[in-house]
Amino acid sequence: MAGLELRNPTMNAAGVLGISAPLLKRIYEGGAGAVVTKSLGGPQRMGHSNPTLVSVEGGALNAMGLPNPGAEYFVEMIRELKGDGVPVVASFFGGSIEEFRDVALVLSEAGVDALEVNVSCPNVAEEMGMLGADPMNTEKVTEAVKEVAKSPVIVKLSPNVTDICEIARAAERGGADAITAVNTLKGLAVDADLRRPILTNVTGGLSGPALKPVALRCVWEIYEAVEIPIIGCGGISNWRDAVEYLLSGATAVEIGTAAMDGGFDIYGKIAEGIREYLVENGFKEVKDIVGLAHGG
Amino acid sequence: MAGLELRNPTMNAAGVLGISAPLLKRIYEGGAGAVVTKSLGGPQRMGHSNPTLVSVEGGALNAMGLPNPGAEYFVEMIRELKGDGVPVVASFFGGSIEEFRDVALVLSEAGVDALEVNVSCPNVAEEMGMLGADPMNTEKVTEAVKEVAKSPVIVKLSPNVTDICEIARAAERGGADAITAVNTLKGLAVDADLRRPILTNVTGGLSGPALKPVALRCVWEIYEAVEIPIIGCGGISNWRDAVEYLLSGATAVEIGTAAMDGGFDIYGKIAEGIREYLVENGFKEVKDIVGLAHGG
Amino acid sequence: MSDWRTEAEAMRVVRLTKVKEEAGDMRSLHFADERCSEGVPGQYVMIWNPAAEEVPMSLASIGEDGNVSVVVRPVGESTEALCGMSAGDKIGLRGPFGNGYVVQGSSPLLVAGGTGAASLRPLAEEMVAEGLKPTFILGARSKDQLLMTESLVSLLGENLLTTTDDGSHGYRGYASTYADQLMKEKKYDMIYTCGPEIMMAAVFQVAEERGIPMQASLDRYIKCAVGLCGSCGLGPYRVCKDGPVFSSEQLREVRNEFGKSRMDPSGRAIKVDH
Amino acid sequence: MSDWRTEAEAMRVVRLTKVKEEAGDMRSLHFADERCSEGVPGQYVMIWNPAAEEVPMSLASIGEDGNVSVVVRPVGESTEALCGMSAGDKIGLRGPFGNGYVVQGSSPLLVAGGTGAASLRPLAEEMVAEGLKPTFILGARSKDQLLMTESLVSLLGENLLTTTDDGSHGYRGYASTYADQLMKEKKYDMIYTCGPEIMMAAVFQVAEERGIPMQASLDRYIKCAVGLCGSCGLGPYRVCKDGPVFSSEQLREVRNEFGKSRMDPSGRAIKVDH
Ligand SMILES: Cc1cc2nc3c(=O)[nH]c(=O)nc-3n(C[C@H](O)[C@H](O)[C@H](O)COP(=O)(O)OP(=O)(O)OC[C@H]3O[C@@H](n4cnc5c(N)ncnc54)[C@H](O)[C@@H]3O)c2cc1C
Ligand SMILES: Cc1cc2nc3c(=O)[nH]c(=O)nc-3n(C[C@H](O)[C@H](O)[C@H](O)COP(=O)(O)OP(=O)(O)OC[C@H]3O[C@@H](n4cnc5c(N)ncnc54)[C@H](O)[C@@H]3O)c2cc1C
Ligand SMILES: Cc1cc2nc3c(=O)[nH]c(=O)nc-3n(C[C@H](O)[C@H](O)[C@H](O)COP(=O)(O)O)c2cc1C
Ligand SMILES: Cc1cc2nc3c(=O)[nH]c(=O)nc-3n(C[C@H](O)[C@H](O)[C@H](O)COP(=O)(O)O)c2cc1C
Ligand code: FES
Ligand code: FES
């Protein structure tokens, strides 16, 4: 995947449990092919105050507000993980193109295996503007990150756009080595008794099975729009979901909300399910089925 | 609602059962405040071939392809309904601004109580281009329809856009009397065994509970962006959902996919549930709670 | 969270276990599916050869062991594609959908025309299991088109009566005329019918004349099968969900459509011609 | 489709049925909630006064009749907002979450500090109902801070032992020292503890010295409560889901964090200071 050799195509989704080295290590021990950190910024952020997550039918709505200890602080965690032989993808964000570059440099020097540029968090848009809604900005950020990156650069896109292919092509032009599709859909939960929004941030990001059809469609469309590999993300709960993503054009998958029910071994279970699917259907490796549904 | 006095704020969603006068009458008898026709075009359309609908977790994915007998043909159905005292909203679409105007004229002369302009169907975009993704086109279409309309004009928006407020404001500028938010989210279902998309049209529109958080967020945002009333639509399955829409800024609601489980009496049940909520919470009428959650 | 793949409305994929030649160029398609095996006579599935369209087919056998089947008459692209399938091939499945027949009364008459026998056979089985002795009229154009005679004879013995338009087997003439004749001889208290609509309308007429209640399984254009799109509209009813089986009362309500007009896929009324 | 509002992770809204003054300026908040009444001792809810933040609180009573309560010590904005509520006010609820205590062995010692008594009381009740005779050390800074003494005395009689830092009631000194002393006198086979982490760490040390297994309910920064965000991380564990109750084995695994460091909301390590 984008120059990386992973033992299997599963990862945790950014922001899901990636706040410390021991938790990320447990995800790896749970069977993931690589682990993804919480999105890291320059300065430390405390995130939004509670309620920050509530389940809705078919999924969860969250507005954590990108809490993170700051990229510099996290360097040691990355070193610890690398010391234990865990492949690490560092997710990160910035408030400006310069910050994106600076953070990328810090993380890159810490020795991560790949960088995942988060231009798509729906929960801090008012503070920082959702860069990922604009092709020009996406291209510029990608370029800036590529300038300093020593490892592959993955750009994570938002589904909250009119034409995701346009943004994917911008990332590709900017030099992205891969694309992660997608981040959460912007949603809202209101309580009829309290007569107010449930989340402190008012809106939040919809993840889980409810997101799956939209995310799968995004992967499908991006696969037809760019040449670089795609990491599928959104509502994957079992190996069947994961295979659907691979068939639609993803080379690997990230799994987030399903860890709520499934726990840490969900990564291994899904990886094993994919393997069995390949065997039963006479395929040798994951890449043999990537995008296969487009042929039908 | 936009100059209409309805016995209650519930309607069926466009395309859901609105293909014939007797079915629409049964919806009215089931308790709806008004009924909405299937989206009508100029020429007759057969729609896409099966599979055209499949359920996914938390909702349904459909790509009917706007089958309809043509607006002229449907005039008689409208007359029949009006003869029976049923308030009728005619949903319609066109392949060009001229067709939008022509169809609006036909339906308007048939005596409908309101026109709902469908600029947002995700399933025929390739054939006709999704007008509703572009503010300029939305404004022009709305203007053209307003020129010929004798009754209020409602513009139905798509959630598949980067900034729905921009489109809502364009509709308002074009003279829209109300906005329906929203149509379906563009999604995809792939089968791992068949290794192909399930729907003949490949992509389809996601409706039902999975859509609700996104649709509710759209209503919330539009309420803060325009002055005209909003009809909320997306995943409403019970009175609580409906009340959440009213509190978020909707003046009325449309209910579609829930008719799959609930049948025709779901409209009456939801209307009754809203009424009880108002009484229990000391409110007099629906308009007393419209947008109330914005105050919190 | 619930596993939606077990919901009737989701697409399931199964392999055909057997494809059998039936009368004429009809084929029975056999497969194992737990949900279907919990279905009731009169219900249908949406069945999909992925090379063509998904179409409605009545459950023609409902085994408690999970094995079920449908009987397909090749009349167009999708039915031909289904008839061309072999054991081991994959089909898509939704359902079973619809209401099914309700066993009422003690002296039932079943009138089947063409593939209508498909949905009436499991009903007859249910009746026999409940100790009833249904009379079963099996009609077709000619002898070689008579469906599933073997299994019906072994189930019903001499209560299986055949009729062909050309007289090549059994009674010569319309099933409705034959039914009328039988009604003179014996007092039936419920008629069940499935077949060409013109035939069913004729049966309904004689049933009405004699004041005998009826249940008829109707055929309209099924798209969504879950009661949302309206394409199967029959008066105020959705054939896919409120039907496909309708009672005499309901048939009276829709008398200006039943046997006369139906909607084409666009929603325009066209003539019922068979 | 499933009614997600009944899921633990969805926000439910209920009215407080009673708010009672407890020792010091603590308050017990009572409400009826079916899911909570099916909870087990050691589990917690996310409770929300909509004027402030949603925070974790242990179930302090778990009535089979659906009535439950939490005991809140006002230490900051949200806990003060909760303590200021009255019967009839609406709260938001998610949960119950977490694993809860596991009753093991025949001779249990419970060591509670401060509001830690909240989660240990329903455990003691369960034990008594099962015929065990738990020893319960209730510790506080001073007499007026001793929580729920009345109900604990009536439940446990002379097996309720108190200790205060200032000696104003019962034993004078730390609960851990007192526990150590009791362990000399009697052979306990499981220790349960909830309270300030420094206290629990001290109890753990004496338990380890004597080779007695322990279950401790830990406190970390809870945001999502469903095991997704990681903010409650304790070594490889999520306090919100893998905990809040941890065994001796697990405590050994996280010995360089337990009693020493925790993450602030940003994920930076800070000192455990109480
Ligand atoms: C409840 C129900 C049960 C049925 N059970 C059986 C059965 O057990 N065995 C059997 O052989 N046939 C059955 N049919 C009829 C069968 O569905 C049609 O023959 C089939 O759909 C034709 O498809 P085609 O592509 O081969 O033909 P086409 O060439 O597409 O059309 C031939 C005829 O079939 C009709 N048709 C096409 N698609 C549909 C559709 N989606 N729904 C309804 N009608 C359609 C057309 O209107 C036309 O009249 C049943 C129909 C219904 C509604
Ligand atoms: C599993 C568990 C069970 C608990 N049970 C009880 C109980 O029964 N009774 C009781 O009085 N207290 C209990 N607490 C502690 C209680 O949650 C905190 O006192 C409360 O969150 C403080 O919020 P605040 O806004 O009033 O204080 P703040 O001024 O915000 O902070 C005071 C302290 O509380 C911590 N805190 C704030 N928010 C949280 C949070 N979301 N999660 C964890 N800690 C937080 C802060 O880090 C700080 O140390 C429990 C905590 C946990 C983790
Ligand atoms: C609690 C939570 C926190 C998240 N934090 C981040 C984040 O920091 N950065 C990011 O790019 N995505 C974040 N996401 C989005 C996920 O990475 C993922 O894109 C989304 O949840 C869809 O996948 P899922 O349905 O498998 O959860 C977060 C999601 C959740 C549920
Ligand atoms: C079967 C089906 C057909 C639909 N046809 C139309 C249509 O013709 N015109 C339109 O504007 N919306 C159409 N829609 C979208 C609905 O009107 C509605 O916007 C959407 O389903 C969300 O509401 P729901 O979740 O309550 O179903 C259709 C939806 C379904 C499920
Ligand atoms: S086929 Fe769609 S409503 Fe019956
Ligand atoms: S609080 Fe989010 S993982 Fe524990």
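Since the structure is predicted, the reported quantities are computational estimates derived from the model, not experimental observations. Just so we're on the same page: letters track the sequence lines, and every chain starts at 1.
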(request) Give a yes or no on whether the backbone of D:Pro50 and the side-chain of A:Arg196 come within a donor-acceptor separation of less than 3.5 Å. (result)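 Such a contact is found between A:Arg196 side chain and D:Pro50 backbone.
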Check whether any side-chain heavy atom of [X] sits under 4.5 Å from a side-chain heavy atom of [Y], and report yes or no.
X: A:Leu53; Y: D:Val226; result: yes
X: D:Asp264; Y: A:Gln44; result: yes
X: D:Trp48; Y: A:Ile198; result: yes

If I measure from the heavy atoms of chain A, does [X] come under 4.5 Å with its side chain, its backbone, both, or neither?
X: D:Leu234; answer: neither
X: D:Ala52; answer: backbone
X: D:Arg94; answer: side chain

(message) For a quick test of reading the model, state the closest non-hydrogen atom pair linking D:Lys223 to A:Met46 and the distance between them.
(response)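 Heavy atoms of D:Lys223 and A:Met46 come nearest at NZ-O, 3.4 Å.
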(request) Write down the atom of D:Pro236, the atom of A:Pro22, and the distance for their closest heavy-atom approach. (result)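 Smallest heavy-atom distance, with atoms named: N-CB, 3.7 Å.
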So with a 6.0 Å cut-off around [atom1] of [X], is the heavy-atom count from everything else above 12?
X: D:Glu34; atom1: CD; value: no
X: D:Gln104; atom1: CD; value: yes
X: D:Lys241; atom1: NZ; value: yes

(request) Against chain A, work out which of D:Cys229, D:Ser231, D:Gly233 has the most heavy-atom pairs shorter than 4.5 Å and name it. (result)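 So the answer, after comparing D:Cys229, D:Ser231, D:Gly233, is D:Cys229.
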(request) Quick one: which of D:Cys232, D:Ser78, D:Ala269 has the most heavy-atom pairs under 4.5 Å with chain A, could you say? (result)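 Top option by heavy-atom pairs under 4.5 Å: D:Ala269.
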(request) Quick one: which of A:Ala259, A:Ser49, A:Pro67, A:Ala189 has the most heavy-atom pairs under 4.5 Å with chain D, could you say? (result)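 Option with the greatest count: A:Ser49.
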(request) Tell me, out of A:Thr52, A:Val16, A:Asn68, who's got the most heavy-atom pairs with chain D below 4.5 Å. (result)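 Going by pairs under 4.5 Å, I would pick A:Asn68.
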Can you tell me how far the [atom1] atom of [X] sits from the [atom2] atom of [Y], to the nearest 0.5 Å?
X: A:Ile19; Y: D:Ser266; atom1: CD1; atom2: OG; value: 7.0 Å
X: D:Leu228; Y: A:Asp261; atom1: CG; atom2: CG; value: 9.0 Å
X: A:Ser20; Y: D:Arg268; atom1: OG; atom2: CZ; value: 15.0 Å
X: D:Met11; Y: A:Leu199; atom1: CE; atom2: CG; value: 8.0 Å
X: D:Arg238; Y: A:Phe264; atom1: CZ; atom2: CZ; value: 4.0 Å

(message) Determine whether A:Asn50 and D:Met46 satisfy the following criterion, side-chain contact (heavy atoms from CB on, under 4.5 Å), listing intermediate values before the conclusion.
(response) CA-CA 10 Å; A:Asn50 267 352; D:Met46 293 302 287; 3.6 Å; yes
(request) Would you mind checking which part of A:Thr200 comes under 4.5 Å of any heavy atom in chain D, side chain (CB onward), backbone (N, CA, C, O), both or neither? (result)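 For A:Thr200, neither part sits under 4.5 Å from chain D.
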(message) One thing to verify: whether A:Arg26 and D:Asp242 come together as a salt bridge, which I'm taking to mean a side-chain N less than 4.0 angstrom from a carboxylate O.
(response)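 Salt bridge between D:Asp242 and A:Arg26, a charged N being under 4.0 Å from a carboxylate O: yes.
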